[in-house]
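Structure record follows, encoded as structure tokens.
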Amino acid sequence: MAPLRGAKRRKRQTEKALPPAAQAMPAPAGGDWWDGFARRLAAGQFSKDCQNFESVFKMSRKTFDYLCSLISGDFTRKTQSFRNFRFGDKAILGVEDQVAVALLRLTTGEALLSIGNRFGMNHSAISNITWKFIEALEERAANHLKWPTPEEMATIKAKFEKIKGLPNCCGAIDTTHILMCSSAQPNSNVWLDGENRNSMVLQAIVDADMRFRDVVSGWPGSLNDSCILRTSGFYRLCEKGARLDGQMELPGEPAGSVVREYILGDASYPLLPWLMTPYHEKDLSPEKAEFNKRHAATIMVVQGALAKLKERWQVLKGELWRPDKHRLPRIIYVCCLLTNIMIDLEDAARGGMPPSHNHDDGYRQQFSDVADVGAAAQRDLLCQYVSRIGSSLPA
């Protein structure tokens, strides 16, 4: 995984005095942890939404329990103020309570004050709990977001080829914008993107299961996709042959018809030996038009992954109010981590493809005219291959 921009900043804070009017319903004695938390969440009124675990946290209880077990050591060992987090009725928040509060912040995107009012807590306590959760996941769950092993890559290639017949494909890349309140950034021109919005960009590479394999975030929206790619560690690794360096001889083609491992990207990216983009000249031949059709259908996995990321983790959707530009990349990264954990645990709550793949509403398609000569020859070879065996490929 490429490193995130922005250094970690950790501050130990204690909870301030609770507002006198902020009170939460006491948890019932005995029973499952969720029964008590659901009652607090509903403020004593048991609605269907608050009683349904998956509708609240957008994940299964199995995944939730895994997260608690994964980071419980950090929660109890590293933070001396663990017992200072209390509900409005002075009950101490356990590990499950703290994980639940942090997940509510990420899944709903609600303001810290709003979440605090639900439980009779002040907003600083909600912020501290959320950041403790983020820091713990960064340290404990990093193995859930990594570049595939050779064995994993063989499976990924087979899955991509099964989609629309493109051989030796290792992933798909795209970017999305995380919007920020304009008053939050003093140097607003740096963060102002092409659509006159303040934003931060996430670049993501996903596999055929919409699992995040490489993420880069922290760059301002004023940079285009091609520029962000070239600044990434992934680009440097590919350029020096340390990644995507495997080759495949196309079956049924003349001797020497070899294609390098590659990922797919849209027209905003340069055409490189390891990055295949669609043809975008006018008057395409039927073969090139067919290649573009299959290319577009295959890269829907990354568009779907980014759309689901924003839909599931609402903290990334809409316009963030006064975000810390050093902390925001870490929020983005942890949301990607959580998504991968759900995939790895085969969480049924994650669902399939989203109804809409539009993850960047209001943004126009970017275009890059950069094309490596060798990469153009490889794309033509792929085009000829899928054209020749087109009748046997998925329609």
Side-chain angles (χ1 to χ4, degrees), residues 1 63 143-174 176 203-215 234 237-238 243-253 257-266 269 272-278 290-309 312 336-357 359 378-379 381-383 385-395:
M1 184 204 75
T63 300
N143 63 303
H144 286 280
L145 203 165
K146 64 185 188 307
W147 192 248
T149 64
E151 294 75 19
E152 291 172 334
M153 188 61 81
T155 302
I156 290 170
K157 291 179 183 180
K159 289 183 177 181
F160 269 114
E161 188 166 6
K162 190 175 180 181
I163 296 174
K164 287 296 177 180
L166 294 176
N168 220 29
C169 178
C170 301
I173 186 171
D174 202 356
T176 195
Q203 173 187 281
I205 300 171
V206 307
D207 63 21
D209 294 319
M210 298 195 292
R211 182 185 287 103
F212 292 95
R213 291 295 186 171
D214 189 282
V215 297
F234 180 83
L237 287 171
C238 292
R243 187 166 286 181
L244 297 177
D245 61 337
Q247 294 186 333
M248 171 187 178
E249 187 167 348
L250 295 178
E253 295 296 311
S257 299
V258 175
V259 294
R260 178 180 170 174
E261 290 179 335
Y262 60 90
I263 59 175
L264 298 175
D266 64 18
Y269 290 101
L272 301 170
W274 47 269
L275 176 52
M276 294 289 100
T277 60
E290 180 63 20
F291 175 85
N292 277 8
K293 177 182 176 182
R294 295 182 182 278
H295 183 287
T298 307
I299 64 170
M300 285 178 67
V301 294
V302 67
Q303 296 164 356
L306 291 173
K308 287 195 71 171
L309 180 76
R312 182 177 301 281
C336 293
L337 268 182
L338 288 167
T339 298
N340 282 7
I341 289 172
M342 294 182 68
I343 295 173
D344 292 342
L345 296 183
E346 300 180 347
D347 193 326
R350 67 186 177 93
M353 279 285 190
S356 171
H357 292 75
H359 58 82
Q378 173 166 298
R379 183 174 62 181
L381 190 59
L382 286 169
C383 180
Y385 174 76
V386 296
S387 176
R388 183 181 63 80
I389 64 171
S391 59
S392 63
L393 296 176

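Everything numeric in this text was worked out from a predicted model, so none of it was measured. Quick note: residue numbers are just sequence positions, from 1. Atom set for the values below is all heavy atoms of this structure, side chains included, hydrogens, waters and symmetry mates excluded.
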Inset, instruction - Using modelled atom types only, decide if a donor and an acceptor are shared between the side chain of Gln378 and the backbone of Pro273 within a distance under 3.5 Å. - result: yes

Inset, instruction - Return yes if some donor-acceptor pair links the side-chain N/O of Asn340 with the main-chain N/O of His144 below 3.5 Å, else return no. - result: yes

[X]: side chain to side chain contact (heavy atoms under 4.5 Å, CB included) partners, not counting sequence neighbours:
X      : value
Leu244 : Trp147, Cys170, Phe234, Cys238, Glu261, Ile263, Trp274
Met248 : Pro167, Asn168, Pro251, Val259
Glu152 : Lys146, Pro148, Thr149, Arg213
Ala349 : Glu54, Met342, Asp347

Side-chain contact test, heavy atoms from C-beta onward, threshold under 4.5 Å: evaluate it for [X] versus [Y] and give yes or no.
X      : Y      : value
Leu166 : Tyr262 : yes
Leu382 : Met276 : yes
Ile205 : Phe212 : no

Legend entry - CA sep, side-chain torsions, deciding dist, call: Leu250, Val258, side chain to side chain contact (heavy atoms under 4.5 Å, CB included): CA-CA 6 Å; Leu250 295 178; Val258 175; over 6 Å; no

Starting at [atom1] of [X], measure out to [atom2] of [Y] and round the result to the nearest 0.5 Å.
X      : Y      : atom1 : atom2 : result
Leu306 : Met210 : CG    : CE    : 10.5 Å
Cys169 : Phe160 : SG    : CZ    : 4.5 Å
Asp209 : Glu346 : CG    : CD    : 9.5 Å
Gln303 : Thr298 : CD    : OG1   : 10.5 Å

Identify the heavy atoms of [X] and [Y] that sit nearest to each other, and give their distance.
X      : Y      : answer
Gly351 : Lys308 : O-NZ, 3.2 Å
Val206 : Ala305 : CG1-CB, 3.9 Å
Ala208 : Ile163 : CB-CD1, 4.5 Å
Phe291 : Val386 : CD1-CG2, 4.3 Å
Thr339 : Leu309 : OG1-CD1, 3.6 Å
Gly265 : Ile173 : CA-CG2, 3.8 Å

Test of understanding: with side chain to side chain donor-acceptor pair (under 3.5 Å), list the residues that count as partners of [X], not counting sequence neighbours.
X      : answer
Glu290 : Arg294
His359 : Asp174, Thr176
Arg211 : Asp207, Asp344
Glu253 : Arg388

